[in-house]
Amino acid sequence: MDLTTIWAFIIAFAVFAYVVMDGFDLGIGILFPTFDPGRERDRAMNSIAPVWDGNETWLVLGGGGLFAAFPLAYAVVLPATYPLIIAMLLGLVFRGVAFEYRWRDPNHRRLWDFAFTGGSLMAAMAQGMTLGALLQGVEVVDRAYAGSWFDWLTPYTLLCGLGVVAGYALLGSTWLIWKLDGEGQAHARGLALRSARATVVLMGAVSLYNVFLNAEYAERWLTAPEIYFAAPVPILTLLIAVSLIRAITRDRNSKPFWLSIALFFFGMAGLGVTMWPYVVPPDMTIWDAAAPERSQVFMLIGVAITMPLILAYTAWAYWVFRGKVGDEGYH
């Protein structure tokens with residue numbers, strides 16, 4: 001395996017870690033209006049308050065890794081999705097501010113709850129639409145973005161955005177099943193069941209849309225011999241979806257959350273099958289966009305040191321704040 005491929009997998013891992021870890025707290029923000037004001041909302045937010053900011057480390061690693069290892073892709077993707085990236089960052093800012101000020105400014109708690117929900121929804125929708133904008137193809141001329149300001153706004157990107165919103169809601173609700181008890185947990189189960197159904201339907205719709213979106217995508221999924229390698233992904237995804245719905249309805253605690261992560265894993269595996277080896281479809285492969293080999297080696301040394309530290313710190317933080325959430329507040 002060459003260095004460029006190794007870096008592609010490092011960035012893919014960072015993106016997956018971010019989607020899962022920041023996804024469940026964005027999901028709680030998306031679902032926040034469905035919780036009763038007061039104790040139910042407080043417990044939902046307290047379940048993620050100790051860890052939410054550390055989860056965003058993976059966003060920095062993924063974005064920084066793309067800039068460092070695939071600078072040409074970074075230079076094309078950002079101009080193609082500037083409005084979405086700006087919306088995502090603003091959403092994350094609103095979400096972060098709401099975490100702190102909601103507890104310190106109780107007279108305006110409704111405003112901060114709105115910021116928490118709006119910021120979470122905006123960030124999730126922007127992330128899904130950015131993914132859709134990449135999958136539908138980016139116009140590149142002379143190694144630079146050549147499309148318009150609004151190429152990212154299509155029915156397909158909106159569908160991808162809704163899929164990510166539903167998926168994050170699933171992660172958030174299954175997290176709450178694990179962390180809450182009593183009426184809060186029962187409420188989370190109902191939300192999780194609806195979110196799981198919506199996520200599966202939207203994943204199927206996006207997958208079907210992909211077949212008609214690009215002839216190369218269709219060939220990869222529907223023709224031999226590629227279909228023999230790709231077929232296990234949707235089959236396993238369907239099996240996990242069935243197991244997830246059964247776990248939600250059978251009063252399991254942590255199992256629905258882990259199955260939700262597995263559903264996301266196979267969803268991202270399907271995206272990998274669809275896009276490989278392009279980093280900017282339909283013309284720019286990972287090798288076209290890669291940094292010089294010496295630069296990749298230099299950066300790989302840094303990642304080999306920092307990534308284990310990030311993983312260790314993350315595991316320690318989740319271990320310290322394990323268990324059910326009570327009425328005591330993190331703040």
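With contacts defined as side-chain heavy-atom distances shorter than 4.5 Å, the pair Met88/Met122 does not qualify. Here the side chains of Tyr209 and Pro155 are in contact, with some heavy-atom distance below 4.5 Å. Two residues are said to be in side-chain contact when any heavy atoms from C-beta on lie closer than 4.5 Å; Tyr168 and Val19 meet this criterion. Looking only at side-chain heavy atoms (C-beta outward), Arg189 and Thr249 stay at 4.5 Å or farther from each other. Looking at heavy atoms from C-beta onward, Ile177 lies out of side-chain contact with Lys255 at the 4.5 angstrom threshold. For the pair Pro281 and Leu135, the minimum side-chain heavy-atom distance is 4.5 Å or more. Residues Trp152 and Thr130 fail the side-chain proximity criterion, which asks for heavy atoms closer than 4.5 Å.
Not one N or O on the side chain of Trp58 forms a donor-acceptor pair closer than 3.5 Å with the backbone of Val15. The backbone N or O of Ala166 lies less than 3.5 Å from no partner atom in the side chain of Ser195, so there is not a single donor-acceptor pair. Side-chain atoms of Tyr18 never come within 3.5 Å of backbone atoms of Gly23 as a donor-acceptor pair (strictly under, hydrogens ignored). Side chain of Arg95 to main chain of Ser120: no donor-acceptor pair is present (N/O by atom type, distance under 3.5 Å, no hydrogens or angles). At least one donor-acceptor pair under 3.5 Å links the side chain of Gln185 to the backbone N or O of Leu180. No donor-acceptor pair closer than 3.5 Å links the side chain of Lys324 to the backbone N or O of Asp181. Judged by distance alone, the side chain of Gln296 and the main-chain N or O of Thr4 form a donor-acceptor pair under 3.5 Å. In this structure, Ser295 contributes its side chain and Ala291 its backbone to no donor-acceptor pair below 3.5 Å. Not one N or O on the side chain of Trp287 forms a donor-acceptor pair closer than 3.5 Å with the backbone of Met284.
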Check step by step if side-chain contact (heavy atoms from CB on, under 4.5 Å) holds for Asp22 and Leu59. CA-CA 9 Å; Asp22 209 32; Leu59 178 63; 5.9 Å; no

Leu170/Leu263 under side-chain contact (heavy atoms from CB on, under 4.5 Å): CA gap, chis, key distance, verdict: CA-CA 10 Å; Leu170 172 63; Leu263 190 68; 4.0 Å; yes

For Trp103 and Asn46, what are the C-alpha separation, side-chain angles and deciding distance, and is it a side-chain contact (heavy atoms from CB on, under 4.5 Å)? CA-CA 11 Å; Trp103 304 98; Asn46 277 328; 3.6 Å; yes

Start with the C-alpha gap between Phe13 and Met307, add the side-chain angles, then the distance that decides, and say whether side-chain contact (heavy atoms from CB on, under 4.5 Å) holds. CA-CA 11 Å; Phe13 175 79; Met307 185 174 284; 4.2 Å; yes

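Distance CE/Met275 to CG/Asn210: 10.5 Å, rounded to 0.5 Å. To the nearest 0.5 Å, the span separating CD1 on Ile248 from OG on Ser260 amounts to 6.0 Å. To the nearest 0.5 Å, atoms CD (Gln127) and OG1 (Thr81) are separated by 11.5 Å. Here the OG1-CG distance, from Thr174 to Asn253, works out to 12.0 Å after rounding to the nearest 0.5 Å. The distance from the CG atom of Asp151 to the OG1 atom of Thr157 is 10.0 Å, given to the nearest 0.5 Å. The line from CG of Leu159 to CG of Leu162 is 6.5 Å long, rounded to the nearest 0.5 Å.
Contact detail for Ala8 and Phe70: the closest heavy-atom pair is N-CZ, 3.9 Å. Here the closest non-hydrogen pair linking Val280 and Ala73 is CG2-CB, 3.9 Å. Closest approach of Asp25 and Met21 over heavy atoms only: OD2-O, 3.4 Å. Here the closest heavy-atom approach between residue Pro256 and residue Leu244 is recorded as O-CD1, 3.3 Å. Counting all heavy atoms, side chain and backbone alike, Phe35 lies closest to Leu191 at CE2-CD1, 3.6 Å. Nearest heavy-atom pair across Val279 and Ala289 is CG1-CB, 3.9 Å.
Thr117 pairs by the side chain to side chain contact (heavy atoms under 4.5 Å, CB included) definition with Phe32, Pro33, not counting sequence neighbours.
In this structure, a donor-acceptor pair under 3.5 Å is present between the side chains of Thr154 and Gln136. Defined by atom type and a distance below 3.5 Å, a donor-acceptor pair is present between the side-chain atoms of Trp221 and Thr274. The closest side-chain donor-acceptor pair between Asp288 and Tyr278, if any, does not fall under 3.5 angstrom.
The pair Arg102-Asp42 meets the salt-bridge criterion, with a side-chain N (NZ, NE, NH1 or NH2) lying under 4.0 Å from an Asp/Glu carboxylate O. By the 4.0 Å N-to-carboxylate-O rule, Asp36 lies too far from Arg41 to be salt-bridged with it.
Both Val297 and Leu61 are part of a single hydrophobic cluster, where members link through side-chain heavy atoms under 4.5 Å apart. Under the 4.5 Å side-chain contact rule for hydrophobic residues, Trp149 and Leu78 share a cluster. Placement of Val93 and Met125 in two distinct hydrophobic clusters is found when ILVMFWY residues are connected by side-chain heavy-atom separations under 4.5 Å, directly or transitively. In the hydrophobic cluster analysis, where Ile, Leu, Val, Met, Phe, Trp and Tyr join through side-chain heavy atoms closer than 4.5 angstrom, Ile85 is grouped together with Val138. Hydrophobic clustering of Ile, Leu, Val, Met, Phe, Trp and Tyr side chains at less than 4.5 Å, counting indirect connections, keeps Leu208 apart from Val200.
No more than 12 heavy atoms of other residues, nucleotides or ligands shown are found within 6.0 angstrom of OH on Tyr101. A 6.0 Å sphere centred on CZ of Phe67 holds no more than 12 heavy atoms belonging to other residues, nucleotides or ligands. Under a cut-off of 6.0 angstrom, the local environment of CZ in Arg322 is crowded, with over 12 non-hydrogen atoms contributed by other residues, nucleotides or ligands.
Counting only residues at least two apart or on different chains, the ring-ring contact (aromatic ring centres under 6.0 Å, His included) pairs with a member in residues 235-271 are Phe16-Phe265, Phe24-Phe257, Trp175-Phe257, Trp178-Phe257, Trp178-Trp258. For the ring-ring contact (aromatic ring centres under 6.0 Å, His included) condition, no pair includes a residue of residues 75-94, sequence neighbours left out.
Within the cation-pi definition used here (under 6.0 Å to the ring centroid, within 45° of the axis), Arg109 does not qualify as a partner of Trp112.
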